[in-house]
Amino acid sequence: MSGNFFSPRELLVAFIRGVQQRGRTLFNIILTGVSLGLMLLGAPRAQAAVNILINHNDLANTGENLQEHVLTPHNVRVGLFGKLFVTRLNGVDYGQPLFVSHVNITTGPHPGMQNIIIATTSRDAVYAINANNGQVLWKRNLLKHFDNASDTVKAQEENPNWAAKNEPLEDTPAIDLATGVIYVECEETEKGPGTHGQLHWIHVLSALRLGNGKFYAHQIKISESGPRGQYITGPTVRKANGKLDHFYGFEITFRYLTIDPVNHVLYMACADPGDIGPYNGWILGYGTVKNQDGNLPVKAVWSATPSGWAAGIWGGPIAVDHAGNLFVETGNGTFETHLIPAPYRHRLKVDSSHLQIPALGDFGDAALKLVPDSDTRQHRDNPNGFGLHVADYFVPKDENHLLRSDLDLGSSSPVLLPASVGDKRHRHLLVINDKPGTIYLLDRNDMGGYHGGKKGNGHSGYNAVVQELPLATGSGFSTGAFFAGPHRHSGWIYYAEVADFAKAFLIAHAHITPQPVTESRDRFPYPGSTAEISANGKRHGIVWLLNRNNNRLVAYRANNLRFELFDSSNGTGRHGLSNKIVGREIDMNSTPTVADGRVYVSTTQALNCYGLLH
C-alpha cells in the first residue's frame, strides 16, 4: 500500500491470500470478496495525474480539465482563493501555459521530481517553472538574435503592423509525454549564403527535453514553400528610415502545434499576422521523436490555397479525433466555386465517393476534415500537397460575401463533441463559429460541402448543416468550449465573444438551443475570450475566462454564468499580494490554465498563479 491507497496488485494479492486462509469454498470466496470491497471503499481512490499538453487542453478542443479535485464553486471566492505568486518572464507569452505532472528535473539548482509549467515568450525563451512555488527550473533561448534576452532586432526588421514587438516565438508548444519532448516553433531574420545580403525570415522547429531543456532533435529550418529551406520574396515593409524594402522569406504567425498520437505526427497550422500578402494557409507535419537519432522527418505539406491566396489557419489549434483525422477552419481567401469530383476519391479515404472539391484545390473560408495518407511526395491527383488530403468540408453559401467583407469563417477553431450529445443520425458532431457570430453544428462524417448557387453570393443555395444559429454571439474571435455536466445526453457550449456576454448554449440530441440558457452580467471587449473548464468529472464545473477590460481573471459557475465566483480585480492573495494580474496586457491568444488546484495566467513579462490561500 502506498500512503492510504491500495493498488490493484495489492488488492489481488490480498484476495488470493484471503481465499487461501479461509478455504476455497464458495461461501469463503464471497466473504473474502465482500471484505475486500469494504476495504476498497474505506480507502481513498487514487487520483490520476493531470497534464495540460497542448493549446485548449485536449485534442478535441473542448477546453475541459475534468481532473480538478481541489477547486470547486464553494472555495473559489475572494478570501479563500487568490494570488499565490508571480514569476517574471523576459517577454510576452502569446500562448497558453502548459502543465506537466511529476517531471524529473535534472539540471539547475532545484533538481528532482516536480510539477512544472512550460511557458514561452516573444524573445524566443522557453521556461520550465515549478508549478507550486514559481521557481525557474531551466530556461532555453532558441535563436541567436535573442541570447541573454537582449533586444537586437531593429525596428526596420519588424513587420509594420506589429511594430516595436519582438515576436519570434508566438505559439503554444506541444508536449509528447510518452517521450518527454517539448516541440516549439519560432522565427528570426537572418542574412546567409544565397540571400545576396538581404534579410529574410526563417522559421525553426525545435524539440527539447522536458527534464533539462536540452535539444533532443536537430533544429529544422522551415519556409513557406515547404520544409526544404527555400526562401521566397516576402511582403513589402516600411523600414525605420521610411524607405520600402522587400524581405526574403516569409513571416507567418499564429502557429498552432498539435500532436496526433495515432500517427505520431506533429502538425503546425499557420497564417499571416495582419493579412499582409502574399501568403497562404499551411499545415506542415513532422514525425515525432522516436529514438536517439533526433530526426524529425517531414510527413505532410498541405496548402489551403495552392492556386490562390490567403486562407490562413489562425483562429485556433487543429482538432484531432480518435482515428487521427484533422479538423481545421480557414480564414478569408480564394474559394473556387467550380467543383469537380475529387480526383483521389478512389485512391484515398474520403467520406463519400461523390465528394466534390474545388477544381484548383482552393479552400478559403472552409471547415475541413483532413485525413493523413502515406504519400511522401505530391501526387498529381492531390492539388494541396502530400501527406494529407481533404476527405470532407463545409463552406457557407455566402462565402463570397464573407470574403469581400472580411468576415472570416475561420476566426475560431472547431470543437469536437462527444457522441452522447448526438442522435442516431448525427452521432459525431463538431461546432464552429465565425466572425459574424453564427454558430454551425456539423456532422463530422457528412460536413455539408458547398451549395452556394451559381453566383455564390449567399442569395441562393443553402447550407447543408445539422443546425445554423445566425448572430448567436458577438463577433467571433474566440474558440468555444464544451462541458458535459451531470446529465448523460446533454452538455453546454460556451462562448465569450466581442462586446457580448459570456453565453452557455445547451446541446442535446444533436440540437443546440437557439438562445443561451445562461449568460454573464459582464461583457467582454475585443477579442473576446476562449473559456477553459475545470471540473471533478461531471461535478463542480467552473468556467474560467480572461476579461481584457482591465485584464481580469474571472470565474463562473458552469451551470449559471450569472453567478460570478471570482474576479481578480478584487482582494488580495498570499503574503498580501494583490489579486490583480501582473503585466501590461493579455494577448488575444492567451487562455488560463487550470490544473492541480492552481490557475495560471500569462501576460506581458509575467506568469501569474492563483490558488487556495490556506
Side-chain angles (χ1 to χ4, degrees), residues 56-66 315-316 319-322 327 329 367 369 392 394 396 409 411-434 436-448 463-474 476 478-497 500-520 528-535 537-545 556-562:
H56 210 25
N57 293 14
D58 58 20
L59 291 172
N61 274 348
T62 65
E64 288 180 319
N65 170 16
L66 303 183
V320 184
D321 69 12
H322 295 297
F327 295 86
E329 293 179 68
K369 179 179 182 178
D392 207 350
F394 163 69
L409 178 73
S411 60
S412 65
S413 183
V415 177
L416 309 186
L417 302 175
S420 59
V421 301
D423 59 17
K424 291 182 179 180
R425 184 179 177 188
H426 304 291
R427 289 188 57 79
H428 301 106
L429 298 165
L430 68 82
V431 63
I432 59 176
N433 60 304
D434 63 8
T438 300
I439 297 175
Y440 296 97
L441 185 63
L442 309 180
D443 188 319
R444 302 204 300 263
N445 296 322
D446 184 10
M447 295 181 65
N463 289 330
V465 298
V466 177
Q467 190 179 1
E468 179 179 351
L469 300 177
L471 304 178
T473 70
S478 301
T479 296
F482 173 81
F483 176 48
H487 305 294
R488 185 177 180 183
H489 295 294
S490 65
W492 294 287
I493 302 169
Y494 300 91
Y495 292 101
E497 301 298 0
D500 199 2
F501 307 102
K503 296 178 175 179
F505 295 83
L506 181 69
I507 179 170
H509 307 295
H511 179 78
I512 302 174
T513 55
Q515 299 297 326
V517 294
T518 179
E519 61 184 28
S520 66
S529 183
T530 295
E532 303 295 326
I533 313 297
S534 68
K538 294 179 177 294
R539 302 181 303 128
H540 304 318
I542 301 176
V543 177
W544 301 87
L545 291 159
Y556 304 93
R557 285 184 179 271
N559 60 357
N560 183 5
L561 298 181
R562 302 285 287 180

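The first residue of the sequence shown is numbered 1, and numbering continues consecutively from there. This one's a predicted model, so the numbers in the text were calculated from it and none came from an experiment.
Judged by distance alone, the side chain of Ser529 and the main-chain N or O of Ala496 form no donor-acceptor pair under 3.5 Å. Judged by distance alone, with hydrogens and angles left aside, the side-chain atoms of Asn57 form a donor-acceptor pair with the main-chain N or O of Gly63 at under 3.5 Å. Tyr556 contributes no side-chain N or O that, together with a main-chain N or O of Leu545, makes up a donor-acceptor pair within less than 3.5 Å. Between the side chain of Glu329 and the backbone N or O of Gly315, no donor-acceptor pair lies under 3.5 Å. Side-chain N or O atoms of His56 include one that pairs as donor or acceptor with a backbone N or O of Asn61 at under 3.5 Å.
Taking OG1 from Thr438 and OH from Tyr440, the interatomic distance works out to 4.5 Å, rounded to the nearest 0.5 Å. Separating the CZ atom in Phe327 from the CD1 atom in Ile432 is a distance of 11.5 Å, to the nearest 0.5 Å. Distance NZ/Lys538 to CG/Leu66: 8.0 Å, rounded to 0.5 Å. Interatomic distance, CD1 of Ile439 versus NZ of Lys503, reported as 8.0 Å (0.5 Å rounding). The CG atom of Asp443 sits 6.0 Å away from atom CG of Leu429, with the distance rounded to the nearest 0.5 Å. Atom CD1 of residue Ile512 and atom CG of residue Leu469 lie 5.5 Å apart, to the nearest 0.5 angstrom.
Using a 4.5 Å heavy-atom cutoff, the side chains of Val543 and Ile533 are in contact. Side-chain contact between Tyr495 and Val431 is present, with at least one heavy-atom pair separated by less than 4.5 Å. In this structure the side chain of Pro418 reaches within 4.5 angstrom of the side chain of Phe482, judged on heavy atoms. Contact of the His428 side chain with the Asp321 side chain is not registered, since no non-hydrogen atoms from C-beta on lie closer than 4.5 Å. Counting heavy atoms from C-beta outward, Trp492 and Asn559 have side chains that approach closer than 4.5 Å. Within the 4.5 Å cutoff, the side chain of Asn65 has no heavy atoms near those of the Glu532 side chain. The shortest distance between side-chain heavy atoms of Arg427 and Asn445 does not fall below 4.5 Å. Side-chain contact check for Val415 versus Thr479: some heavy-atom pair is nearer than 4.5 Å.
Considering every non-hydrogen atom in both Ala367 and Leu442, the closest pair reads CB-CD1, 4.2 Å. Taking every heavy atom of both residues into account, Trp544 and Ser534 meet most closely at NE1-OG, 2.9 Å. Closest heavy-atom contact between Pro514 and Phe505: O-CE2, 4.0 Å. The two residues Ala510 and Val466 come nearest to each other via the heavy atoms O-CG1, 3.7 Å. When all heavy atoms of Ala319 and Pro414 are compared, the closest pair comes out as CB-O, 3.9 Å. Pairing each heavy atom of Asp392 with each of Arg444, the nearest pair is OD2-O, 4.5 Å.
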Determine, stepwise, if the pair Lys369 / Leu430 fulfils side chain to side chain contact (heavy atoms under 4.5 Å, CB included). CA-CA 11 Å; Lys369 179 179 182 178; Leu430 68 82; over 6 Å; no
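Donor-acceptor pairing under 3.5 Å is lacking for the side chains of Thr473 and Asp500.
Evaluated for a side chain to side chain donor-acceptor pair (under 3.5 Å) with Asn433, the options Ser411, Ser412, Ser413 yield exactly one hit, Ser412.
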